[in-house]
There are 2 protein chains.
Amino acid sequence: MKSSKKIKREEFIRICKLHGLKITPQRMAIYEEVTGSSGHPSAEIIYRKIKRKYPGISFDTVNRTLLTFSDIGLLQIVEGYGEPKRFDANTQDHHHFRCLRCGSIIDVYHKRYDELEIPAEIETHHKVIRKRVVLEGICKQCRER
Amino acid sequence: MKSSKKIKREEFIRICKLHGLKITPQRMAIYEEVTGSSGHPSAEIIYRKIKRKYPGISFDTVNRTLLTFSDIGLLQIVEGYGEPKRFDANTQDHHHFRCLRCGSIIDVYHKRYDELEIPAEIETHHKVIRKRVVLEGICKQCRER
DNA sequence: CTACTAATTAAGAGTAACTCTTATTTGTTG
DNA sequence: CAACAAATAAGAGTTACTCTTAATTAGTAG
Ligand SMILES: [Mn+2]
Ligand SMILES: [Mn+2]
Ligand SMILES: [Zn+2]
Ligand SMILES: [Zn+2]
């Protein structure tokens with residue numbers, strides 16, 4: 001029986017080839033790291049973690065690769081307000097709650113949000129590719145302090 | 001009969017006093033500029049426009065003032081992905097469509113979006129202050145090219 | 001109106017988060 | 001395995017803020 005890690009790697013290779021991207025050790029490491037981390041890490045955080053196991057890697061490669069992955073749909077960038085970009089390898093349809101105090105980002109799964117209709121005056125003029133609900137406020141941990 | 005411009009200024013002064021902010025010519029100019037502009041300008045754009053009529057003003061003052069105004073609810077910052085922040089003096093309940101190619105931001109008014117319920121598992125743990133729908137895609141102008 | 005003082009500002013230096021350039025290395029293809 | 005386009009490392013450069021400091025000023029107490 002195949003491990004889920006191996007299936008994930010094969011899927012990764014498939015999508016890279018589909019987009020004409022070479023399979024490099026750096027890309028593998030970055031993909032494993034970002035899919036393995038449950039949160040919504042920044043490029044800097046991902047860079048630091050990978051550097052432990054792979055000291056030669058450069059920040060530029062990590063950042064460029066994350067943007068490439070975002071272009072080909074392997075991951076997404078979470079909506080924000082100009083702080084470091086936060087990456088998300090969760091490709092399921094989902095939304096986010098963002099804490100205005102500590103910056104933590106929590107996944108929100110809600111079927112009604114996935115089914116939102118697009119207003120007619122937008123739909124007739126523009127092409128909508130993505131729709132998301134963004135919730136903001138103060139998270140549990142921050143409230144308790 | 002009072003002009004709407006005058007009413008706007010009085011309301012501005014009221015809110016500033018409410019938050020213990022001094023009424024300075026710079027603040028007045030920035031507020032007039034940002035409420036007068038229909039789009040969703042960046043700090044740099046607002047700075048350049050004000051500089052024409054008020055050559056002595058500094059970028060830092062414009063930027064700091066915009067952030068202050070956002071803190072006290074006179075305006076908001078539009079959700080984005082790390083480009084320059086975009087400010088919005090439209091205080092009505094509304095949402096945004098953002099063009100992924102040219103970066104233009106279009107207001108979306110849709111009652112159903114204003115009435116979105118908050119999922120129970122978020123509501124019970126965290127305090128939600130704001131909820132917004134973000135649409136993304138390619139705008140009419142960009143499609144026609 | 002005048003003096004006082006805390007808030008605000010201009011100017012410019014500093015910083016964070018990318019983003020680009022160039023020389024070198026490497027994955028893929030024939 | 002030879003050829004070469006793609007990718008990387010290193011470091012410089014850029015953008016968009018953000019901070020520091022000295023000067024100015026709005027609001028208020030007399
Ligand atoms: Mn997520
Ligand atoms: Mn708007
Ligand atoms: Zn928090
Ligand atoms: Zn466009």
Side-chain angles (χ1 to χ4, degrees), chain A residues 9 12-31 33-34 40-72 74-75 77-87 103, chain B residues 9 12-31 33-34 40-72 74-75 77-87 103:
Chain A
R9 192 161 59 231
F12 167 70
I13 291 172
R14 194 185 66 76
I15 293 181
C16 281
K17 292 202 164 153
L18 192 66
H19 291 273
L21 297 181
K22 290 181 178 174
I23 315 301
T24 67
Q26 289 91 335
R27 282 186 176 147
M28 299 278 274
I30 293 164
Y31 185 69
E33 182 57 49
V34 78
H40 297 84
S42 65
E44 184 66 33
I45 297 280
I46 297 164
Y47 169 63
R48 280 200 219 125
K49 284 190 181 176
I50 290 176
K51 212 169 162 77
R52 286 189 216 148
K53 293 254 163 180
Y54 209 117
I57 204 162
S58 71
F59 173 79
D60 185 60
T61 294
V62 173
N63 194 55
R64 187 172 15 80
T65 301
L66 289 168
L67 297 177
T68 303
F69 287 171
S70 149
D71 284 345
I72 65 174
L74 275 176
L75 50 80
I77 300 169
V78 184
E79 316 76 17
Y81 295 96
E83 338 68 47
K85 288 182 187 70
R86 305 279 289 269
F87 296 91
Chain B
R9 191 160 60 230
F12 167 71
I13 291 171
R14 195 185 65 76
I15 293 181
C16 280
K17 292 201 165 155
L18 191 66
H19 292 272
L21 297 181
K22 291 182 178 174
I23 315 300
T24 67
Q26 290 90 335
R27 281 184 178 148
M28 298 279 272
I30 294 165
Y31 185 70
E33 181 56 49
V34 80
H40 297 85
S42 65
E44 183 66 33
I45 298 280
I46 297 163
Y47 169 63
R48 282 202 217 124
K49 284 190 180 175
I50 291 177
K51 213 171 161 74
R52 288 189 215 148
K53 293 255 163 181
Y54 209 118
I57 203 162
S58 71
F59 173 79
D60 185 60
T61 294
V62 173
N63 195 54
R64 187 172 16 78
T65 301
L66 289 168
L67 297 177
T68 303
F69 287 171
S70 150
D71 285 344
I72 65 173
L74 275 177
L75 50 79
I77 299 169
V78 184
E79 317 76 16
Y81 295 96
E83 341 66 48
K85 288 183 186 69
R86 305 279 290 268
F87 296 91

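Within every chain, numbering begins at 1; the chains are lettered A, B, ... in the order of the sequence lines, protein sequences first and strands thereafter.
The NZ-C1' distance, from Lys85(A) to dT15(D), rounds to 11 Å in whole Å. Rounded to an integer number of Å, the gap from Arg27(B) CZ to dA7(C) P is 11 Å. The distance between atom CE of Met28(B) and atom P of dT8(C), rounded to the nearest whole Å, is 15 Å. In this structure, Tyr81(A) places its OH atom 15 Å from P of dC17(D), rounding to the nearest Å. Regarding Glu44(B), its CD atom lies at a distance of 15 Å from the C1' atom of dT18(D), rounded to whole Å.
Distance alone, capped at 3.5 Å, places no donor-acceptor pair between the Arg86(B) side chain and the Val78(B) backbone. Put simply, the side chain of Ser70(B) never gets that close to the backbone of Leu66(B): no donor and acceptor are under 3.5 Å apart.
Within 6.0 Å of the NZ atom in Lys49(B), the count of heavy atoms belonging to other residues, nucleotides or ligands does not exceed 12.
A distance of 13.5 Å separates CD1 in Ile13(B) from CG in Leu18(B), rounded to the nearest 0.5 Å. A distance of 7.0 Å separates CD of Glu83(A) from NZ of Lys85(B), quoted to the nearest 0.5 Å. Between the CD1 atom in Ile57(A) and the OG1 atom in Thr65(A) there is a gap of 7.0 Å [rounded to 0.5 Å]. Taking CD of Glu33(A) as the reference point, atom CD1 of Ile45(A) lies at 10.5 Å (rounded to 0.5 Å).
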What N/O pairs connect the protein and nucleotides 26-30 of chain D at under 3.5 Å? Give each pair on its own line.
| unit_1 | atom_1 | unit_2 | atom_2 | d |
| --- | --- | --- | --- | --- |
| dA26(D) | N3 | Lys22(B) | NZ | 3.2 |
| dG27(D) | OP1 | Ile23(B) | N | 2.8 |

Pick out the pairs of N or O atoms, protein on one side and nucleotides 1-3 of chain D on the other, that lie under 3.5 Å.
none

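For Phe87(B) against Ser42(B), the heavy-atom pair with the smallest separation is CD1-C, 4.3 Å. Pairing each heavy atom of Asn63(B) with each of Ala43(B), the nearest pair is OD1-CB, 3.4 Å. The nearest pair of heavy atoms linking Ile30(A) to Thr61(A) is CD1-O, 4.0 Å.
Every residue meeting the side chain to side chain contact (heavy atoms under 4.5 Å, CB included) condition with Ile15(B), not counting sequence neighbours, appears here in chain and number order: Glu11(B), His19(B), Ile72(B), Leu74(B). Under the ring-ring contact (aromatic ring centres under 6.0 Å, His included) criterion, Phe59(A) pairs with Tyr47(A), not counting sequence neighbours.
Direction change of the helix axis from one end of the helix from dC1(C)-dG30(D) to dG30(C)-dC1(D) to the other is 40°, with five pairs defining each end axis (rounded to 10°).
Taken residue by residue, residues 46-68 of chain A places heavy atoms nearer than 4.0 Å to DNA chain D at Gly56(A), Ile57(A), Ser58(A), Asp60(A), Thr61(A), Arg64(A).
Classified by interplanar angle (parallel below 30°, tilted 30° to 60°, perpendicular above 60°), the ring pair Phe69(B)/Tyr31(B) is perpendicular.
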